[in-house]
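Input: a single structure, listed below in structure tokens.
Side chains included, hydrogens not; waters and symmetry mates left out as well; all remaining heavy atoms used.
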Amino acid sequence: MFHVKQKFYDVVILGGGHAGVEAAAAASKIGAKTALITFSRKDLGAMSCNPAMGGLGKGHLIREIDALGGIIGQASDISGIQFRVLNRTKGEAVQGPRAQIDRNKYKKAVSGLLKTLTIFEDEIEEIHLEKNIRKVRSVKLKELGNLNCQSLIVTTGTFLNGLIHCGQKSWSAGRLGAKATTKLAKFFLKEKFVIRRLKTGTPPRLSGSSINFKKCIEQKGDSQPVPFSFLTEELRLKQKSCFITKTNETTHKIIRSNIYKSPMYNGKIKSKGPRYCPSIEDKVQRFKDRISHQIFLEPETEAGNIIYPNGISTALPPNVQKKFLRSINGLEEVQILKDGYAIEYDTIDSKELKNTYETKKIEGLYLAGQINGSTGYEEAAGQGLLAGINAANKVLGKKSFVLGRSDAYLGVLTSDLMKGGLVEPYRMFTSRAEYRLTLRADNADYRLTDKAINLGLACKDRSKKWIKRKKALETGTKLLRQNYATPHKIKAKGLDINQDGKKRSAYEVLGYNNSNWPLITSIWPQLKKLNISEKEKDQIRITAFYEKYVERQMGEIEELKKEAGLKFKGNFNVKDCAGLSNEVKEILLKNSPKTLGEASLLPGMTPSATSLLLKHTKK
């Protein structure tokens, strides 16, 4: 038997998914001796489900991870085949960068970014603790023997006691074609962790050559693609199109007539899946008034040979999948390359964790990703980054690193998970962040890159670029604040403002609706000499625009804090509260909180929902 050359590592990471690779990259950059254990190094950064990154809330997370020196943004820019900014017609606070990804190129990019990392292809069989102390001492690998470590980060994704369901068949697996992690599941059971069973699913994969795309609606990328990483200067690529089709009444009839064959409806699966990414069976059963549901046909690679039909996750038998697919416009002759399936897996209730992602029960043991009850690549990557930072810092005798809700979406993610009690997979949305007007995707570097430099996570290129950009932003903002003009002069240049005789600064005027830099330089010609890039000018404009709204937002947050003790009256009915999502209504009905403060602390509650409750209660 071959044994590892170095018997001791500061930090060991189990799992090579999105949480694992970010944890490993962070820990090694900080200076900890780091090793990653995975079944196969070929699967590093594997995109087990949809071939896409980012979106609303999720795109914010990628920008923040990148600003902190993570790798998901760079890997996405390298492997992206179509880039779009969602919600372009709305304000920047709720815009989300998104990209279709070539999954093969993404894995290659991740491997390249981790080329100096020590990686072992093996399986952890046991976790050994110090005698008489509940602290990680070592791990036992199936092939390579014992490996001593001070910190262990477990990122098992859907592999922990994973069980795949497809029609009447079920089998143990972490994902299709990969074995489950079963021995580690026994460790958590023995150590009396609170274990919850969750579910997710994936659609069938389709042959691109068997689809009639002429019958579908083409969806192109943005004419000027916007990168994820602050290190990427420009994206130059020929973008691939996606296509849109829809289910129909025939499709729904086929699904309903075979619903008893789905493991979600015949009792085989009892655990809950992600509410905001339901299976096609759930959609057809829960929304019976809908005559169709959109399907996004997304290429999995640049070649477009394999198509991911986003929107029809299913665990119906293969023959039923084929039948309902062929009832859909453009898919009449479709060939299935891989069947869709559902997968159940073990998670650890996140109330078992400290806000550093270290477990409360065992010192030196950290958990990150889907094992904590979340869903999505971006949420997993964010947890992996934070766990990697804290595991390394602890070993090296440095301070813990915890982001607050006002610092980043990563802070919102951490805060929400630490409430525990999740009964369905957690997904990030902009509505979960009460400070979303300041936590924009465009200013993630401004909020977090200085922290990355202090942590030792920023490379020389990132540090150099950020210091230059920060200086330009501060210089430009300062100069704008120093130049004033009367309302009369401003109106004379075409901006209709209140003629109250009060002078406005150039910064204030730039923040007005319908204002722009050409207008500003026409009022203050001396600002034409301002030597900053167009990107930096736009950044200052966005910040100036949101400044007036941020003050209002802070007032609303303070009001929520002051009203935490507000009691709900006996006749209070959450069903009468307009604007609340079904998810929030279910949470409130199940827990029956007595005060607004109690309601705000419930797992799954959002600040937006709490604000609606306050307004409704005050009526």
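Annotation: the span from Ser262 atom OG to Asp282 atom CG amounts to 8.0 Å, rounded to 0.5 Å. Put simply, OG on Ser172 and CG on Asn161 are 7.0 Å apart, with the number rounded to the nearest 0.5 Å. From Arg205, atom CZ reaches atom CD1 of Ile306 across 8.5 Å, with rounding to the nearest 0.5 Å. A distance of 4.5 Å separates CG in Leu422 from OG in Ser350, rounded to the nearest 0.5 Å. Rounding to the nearest 0.5 Å places CD1 of Ile164 at 9.5 Å from OG of Ser170. With rounding to the nearest 0.5 Å, the separation of CD1 in Ile295 from CD1 in Ile280 is 6.5 Å.
The backbone N or O of Gly330 lies less than 3.5 Å from a partner atom in the side chain of Glu332, making a donor-acceptor pair. Without hydrogens or angle criteria, Lys240 side chain to Thr301 main chain gives no donor-acceptor distance under 3.5 Å. The backbone N or O of Ala46 lies less than 3.5 Å from no partner atom in the side chain of Asp43, so there is not a single donor-acceptor pair. Put simply, the side chain of Thr34 gets close to the backbone of Ala32: a donor and an acceptor are under 3.5 Å apart. Side-chain atoms of Arg326 come within 3.5 Å of backbone N or O of Val334 as a donor-acceptor pair. Asn146 places no side-chain N or O within 3.5 Å of a backbone atom of Leu141 that could act as its donor or acceptor partner. Using a distance-only test at 3.5 Å, with no hydrogens or angles considered, a donor-acceptor pair links the side chain of Thr359 to the main chain of Leu365. Counting only distance, with no hydrogens or angles, the side chain of Glu298 and the backbone of Gln100 share no donor-acceptor pair below 3.5 Å. A donor-acceptor pair under 3.5 Å links the side-chain atoms of Ser257 to the main chain of Ile254, judged by distance alone. No donor-acceptor pair closer than 3.5 Å links the side chain of Gln294 to the backbone N or O of Thr245.
Side-chain contact between Leu61 and Tyr377: absent, with no pair of heavy atoms (C-beta onward) separated by less than 4.5 Å. Between Leu117 and Leu36 there is a side-chain heavy-atom pair separated by less than 4.5 Å. Looking only at side-chain heavy atoms (C-beta outward), Arg256 and Val284 come within less than 4.5 Å of each other. Looking at heavy atoms from C-beta onward, Tyr366 lies out of side-chain contact with Leu152 at the 4.5 angstrom threshold. Using a 4.5 Å heavy-atom threshold, the side chains of Tyr345 and Ile371 count as separate.
In this structure, Lys108 places its NZ atom where only 12 or fewer heavy-atom neighbours from other residues, nucleotides or ligands lie under 6.0 Å away. No more than 12 heavy atoms of other residues, nucleotides or ligands shown are found within 6.0 angstrom of NZ on Lys246. A 6.0 Å sphere centred on NZ of Lys419 holds more than 12 heavy atoms belonging to other residues, nucleotides or ligands. No more than 12 heavy-atom neighbours from other residues, nucleotides or ligands sit within 6.0 angstrom of NZ on Lys135. Other residues, nucleotides and ligands place no more than 12 heavy atoms under 6.0 Å from the CD atom of Glu333. Lys283 NZ: more than 12 foreign heavy atoms inside a 6.0 Å radius.
A cation-pi arrangement is not found for Arg275 relative to Tyr426, the charged atom failing to lie both closer than 6.0 Å to the ring centre and inside a 45° cone about the ring normal. Cation-pi geometry between Lys361 and Phe193 is met: the NZ or CZ atom falls under 6.0 Å from the ring centre, inside 45° of the normal.
For the residue pair Ser151 / Lys394, no side-chain donor-acceptor distance below 3.5 Å is found, with atom types taken as modelled. For the residue pair Gln383/Ser374, the side-chain donor-acceptor check at 3.5 Å is satisfied. Defined by atom type and a distance below 3.5 Å, a donor-acceptor pair is missing between the side-chain atoms of Thr38 and Glu121.
Salt bridge status for Lys183 with Glu123: absent, with no side-chain N to carboxylate O gap under 4.0 Å. No salt bridge links Arg427 with Glu379; every basic N to acidic carboxylate O contact stays at or beyond 4.0 Å. Between Glu352 and Lys360 no salt bridge is recorded (no basic side-chain N to carboxylate O distance below 4.0 Å). Ionic pairing of Arg196 and Asp349 is present here: one or more N-O contacts between side-chain nitrogen and carboxylate oxygen are shorter than 4.0 angstrom. Between Glu344 and Lys270 there is no salt bridge, since no side-chain nitrogen of the basic residue lies less than 4.0 Å from a carboxylate oxygen of the acidic one.
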CA sep, side-chain torsions, deciding dist, call: His293, Thr247, side-chain hydrogen bond (donor to acceptor under 3.5 Å, both in side chains) = CA-CA 5 Å; His293 295 280; Thr247 61; 5.2 Å; no
Verdict with supporting geometry, Arg103 and Glu300, salt bridge (charged side-chain N to carboxylate O under 4.0 Å, His left out) = CA-CA 6 Å; Arg103 62 170 76 248; Glu300 292 205 348; 2.8 Å; yes
request  = Verify side-chain contact (heavy atoms from CB on, under 4.5 Å) between Tyr341 and Leu176, making sure each step is shown before the conclusion.
outcome  = CA-CA 9 Å; Tyr341 62 87; Leu176 196 63; 3.7 Å; yes
request  = Given side-chain contact (heavy atoms from CB on, under 4.5 Å), test Tyr260 with Asn266 step by step and report yes or no.
outcome  = CA-CA 5 Å; Tyr260 67 96; Asn266 62 19; 5.5 Å; no
ask   = Would Gln370 and Thr156 satisfy side-chain contact (heavy atoms from CB on, under 4.5 Å), going step by step from the backbone distance to the final call?
value = CA-CA 7 Å; Gln370 282 182 278; Thr156 47; over 6 Å; no
task = For side-chain hydrogen bond (donor to acceptor under 3.5 Å, both in side chains), just list the numbers for Tyr276 and Glu583, CA-CA rounded to whole Å, side-chain angles, deciding distance to a tenth of an Å, and then say yes or no.
result = CA-CA 10 Å; Tyr276 299 99; Glu583 178 187 9; 2.6 Å; yes
request  = In sequence, state the C-alpha distance, the side-chain angles, and the governing distance for Asp66 and Ser229, and then conclude on side-chain hydrogen bond (donor to acceptor under 3.5 Å, both in side chains).
outcome  = CA-CA 6 Å; Asp66 178 75; Ser229 177; 2.7 Å; yes
request  = May I have the step-by-step check of side-chain hydrogen bond (donor to acceptor under 3.5 Å, both in side chains) for Tyr265 and Asn258, ending in yes or no?
outcome  = CA-CA 10 Å; Tyr265 285 89; Asn258 289 279; over 6 Å; no
request  = Verify side-chain contact (heavy atoms from CB on, under 4.5 Å) between Leu331 and Ile211, making sure each step is shown before the conclusion.
outcome  = CA-CA 5 Å; Leu331 306 184; Ile211 296 172; 3.8 Å; yes
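Phe213 and Phe243 have their aromatic ring centers within a separation under 6.0 angstrom. The aromatic ring centres of Phe296 and Tyr308 sit 6.0 Å or more apart.
Annotation: ring-ring contact (aromatic ring centres under 6.0 Å, His included) contacts of Tyr409 (sequence neighbours excluded): His60.
Among Lys199, Arg197, Lys186, the one residue that satisfies the salt bridge (charged side-chain N to carboxylate O under 4.0 Å, His left out) test with Asp346 is Arg197.
The two residues Met264 and Ala342 come nearest to each other via the heavy atoms SD-CB, 4.1 Å. Pairing each heavy atom of Ala109 with each of Ile78, the nearest pair is CB-CG2, 4.0 Å. The two atoms that bring Cys166 and Asp339 nearest to each other are SG-CB, 4.3 Å, heavy atoms only.
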